[in-house]
> 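Before anything else, here's the structure in question.
This is a predicted model, so every value here is computed, not measured. Only heavy atoms go into these numbers, but all of them, side chains included; no hydrogens, no water, no symmetry mates. We name chains A, B, ... by the order of the sequence lines, and we start the count at 1 in each one.
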2 protein chains.
Amino acid sequence: METISSIYNPEPQQEKLPDISIDCLVFGLDNGRLNVLLAKHRDGIRQGQWALPGGHIGKLEDLDSAASRILQEVTGAQDLFLEQLRAFGAAGRFPDARVITIAYYALVKQEEYKVAAGGPASDVKWWDIHEVPELVYDHSDIFNHGLKTLRHKVRHEPVGFNLLPEKFTLLQLQELYESILDVKLDKPNFRRKMMNMKLLVDCNEKQQNVAHRAAALYRFDESVYQALTEQGFSFEV
Amino acid sequence: METISSIYNPEPQQEKLPDISIDCLVFGLDNGRLNVLLAKHRDGIRQGQWALPGGHIGKLEDLDSAASRILQEVTGAQDLFLEQLRAFGAAGRFPDARVITIAYYALVKQEEYKVAAGGPASDVKWWDIHEVPELVYDHSDIFNHGLKTLRHKVRHEPVGFNLLPEKFTLLQLQELYESILDVKLDKPNFRRKMMNMKLLVDCNEKQQNVAHRAAALYRFDESVYQALTEQGFSFEV
DNA sequence: GCAAAAGTGTTTGGTATACACCCATGC
DNA sequence: GCATGGGTGTATACCAAACACTTTTGC
């Protein structure tokens with residue numbers, strides 16, 4: 001198991017750019033609740049305060065690669081859904097020095113990746129998005145912006161699947177949208193909308209060991225989505 | 001009239017951050033054609049090549065303020081619609097040094113602001129978006145990304161008005177969408193859609209000196225939009 | 001009168017919504 | 001049987017698309 005080695009990388013393997021950092025908003029889903037991953041500062045003046053996991057960019061490193069590396073250092077996971085939000089660069093955002101940060105957000109299958117504290121973080125924890133504590137610097141702004149972006153994105157592009165297991169039921173998918181968008185959806189109508197898109201692939205399998213009628217399992221197939229997109233299809237929830 | 005003094009500011013008033021730059025995508029509308037503003041390098045190895053106007057960020061300057069200042073140096077205009085696109089940071093994007101650039105896009109009333117070459121730019125010119133030449137570095141990527149963002153944004157938020165004069169006709173507005181989205185729209189249906197939103201304010205004025213029936217003039221009112229938004233209204237074209 | 005654009009009316013088909021209903025399974 | 005969630009059917013209302021049509025103005 002990989003331990004966290006970021007916030008600010010204690011042993012740089014490569015010289016880093018001093019005035020640019022990366023901060024990651026990592027979203028996970030657990031029992032129909034949307035969570036975000038936070039790290040607690042172990043030392044210094046911000047000791048005990050919560051922050052987004054982050055780090056610095058190597059001089060020879062692509063921006064996206066740096067984000068991916070930093071995220072791997074936190075979750076131990078590779079090949080996550082990871083996308084840039086935008087840069088945050090108010091002059092006084094970081095009190096110790098002039099640092100512009102580039103924020104990323106990631107969607108992960110929470111149950112598949114265990115996280116552990118380490119390095120400059122004394123604790124790493126999933127927080128329900130409704131109960132996020134005060135964060136250091138402008139990290140609360142980044143969180144709010146990222147949540148807004150996620151809510152928009154998830155409605156217009158099929159990215160939500162990154163939060164679910166490979167095979168999922170329609171109810172799981174519906175609960176995903178309900179928890180991210182904070183709305184209640186009509187089951188029959190949601191089913192029809194999804195099925196009419198012809199985007200989901202039927203696994204021809206049923207749930208196991210459930211105390212009610214077993215639901216059909218579906219999966220999201222990127223190549224099906226590509227094919228539909230080329231025919232002018234546009235995802236919309 | 002202000003002249004261009006950017007691409008890279010020749011006389012820095014304030015120390016700049018060396019490894020971060022800003023590049024601006026400035027869109028304008030002229031006779032129903034969407035244009036973008038480009039600057040030609042006067043000196044150096046890239047002499048004669050076209051680029052997005054840009055500059056560097058002062059050590060004590062907010063990111064957004066820097067973009068606004070750079071844009072003012074190019075167009076002489078203040079209080080433009082200006083929004084961040086995202087950061088571009090591939091390791092090899094800028095051959096001379098490691099520089100991450102933060103791209104902005106702006107929407108301007110093209111006829112109101114004249115631009116002039118100066119500083120490190122030997123020429124500044126509006127280019128039809130369909131005829132944009134090869135650009136230096138990764139500026140073509142930024143252009144493509146920005147155009148895509150504009151096309152999305154203009155459909156979901158009332159930002160297109162920034163390209164039109166204060167008072168405009170419904171046909172002008174329709175042509176704006178047609179040129180940005182590269183589609184043909186049905187006049188009666190477009191009119192109805194716009195009017196049903198109850199977003200436009202009737203100026204109670206007519207066009208002057210036209211060789212046909214004079215159209216009614218409308219304007220966009222930010223406060224009307226705010227009020228509608230609070231009632232759950234969502235702009236959509 | 002004619003050209004050009006303003007502006008209105010109407011028909012049609014699709015689709016979002018609301019909600020009633022039946023089905024399968026474990027306890 | 002009953003609770004729980006799976007899954008289907010249907011009536012309504014609204015809205016987008018297509019297109020025919022009338023109105024106003026300058027020349």
> In this structure, how many angstroms lie between the C1' atom of D:dG7 and the OH atom of A:Y218, rounded?
9 Å
> Looking at residues 164-176 of chain A, who's got a heavy atom less than 4.0 Å off DNA chain D?
A:L171
> Please state whether the phosphate of D:dG6, meaning OP1 or OP2, lies under 4.0 angstrom from any side-chain nitrogen or oxygen of A:R191.
no
> Atom pairs, N/O to N/O, protein against nucleotides 20-27 of chain C, distance under 3.5 Å?
{"from": "C:dC23", "atom 1": "O2", "to": "A:R213", "atom 2": "NH1", "distance (Å)": "3.1"}

> Tell me: CD of B:E178 to P of C:dA5, nearest whole Å?
13 Å
> When you measure from the centre of the six-membered ring of A:F88, is the NZ or CZ of A:R86 closer than 6.0 Å and no more than 45° off the axis?
yes
> What integer distance in Å separates B:M197:CE from D:dC15:P?
12 Å
> Whether the side chain of A:E178 engages the backbone of A:L185 through a donor-acceptor N/O pair (distance < 3.5 Å, no angle test) should be reported.
yes
> Using whole Å, what does the distance between atom C1' of nucleotide C:dG7 and atom CG of B:D186 come to?
13 Å
> Atom CE of A:M195 and atom C1' of D:dG9: how far apart are they, to the nearest Å?
16 Å
> State, yes or no, whether a side-chain contact exists between B:L217 and B:T169 at a heavy-atom distance under 4.5 Å.
yes
> Between A:F235 and A:V159, is there a side-chain heavy-atom distance shorter than 4.5 Å?
no
> Does one side chain, of B:Q226 or B:E230, offer a donor that lies under 3.5 Å from an acceptor on the other?
no
> I need the single residue from A:V132, A:D123, A:L25 that forms a side chain to side chain contact (heavy atoms under 4.5 Å, CB included) with A:L38. Which is it?
A:V132
> Tell me whether the count of non-hydrogen atoms from other residues, nucleotides or ligands lying under 6.0 Å of CD in B:E134 goes above 12.
no
> Taking C-beta and beyond as the side chain, do B:K125 and B:W50 meet within less than 4.5 Å on heavy atoms?
yes
> Tell me if the centroids of the rings in A:F168 and A:F161 come within less than 6.0 Å of each other.
yes
> In B/S/- notation, 5' to 3', how is nucleotides 10-17 of chain C contacted by protein heavy atoms closer than 4.0 Å?
B------B
> If I compare all heavy atoms of B:I22 with all of B:A66, which pair ends up nearest, and what's the gap?
CD1-CB, 3.6 Å
> Would you kindly check whether a donor in the side chain of A:K187 faces an acceptor in the base of D:dG6, or vice versa, at under 3.5 angstrom?
yes
> Could you tell me whether the side chain of A:P158 reaches within less than 4.5 Å of the side chain of A:M197, counting heavy atoms only?
no
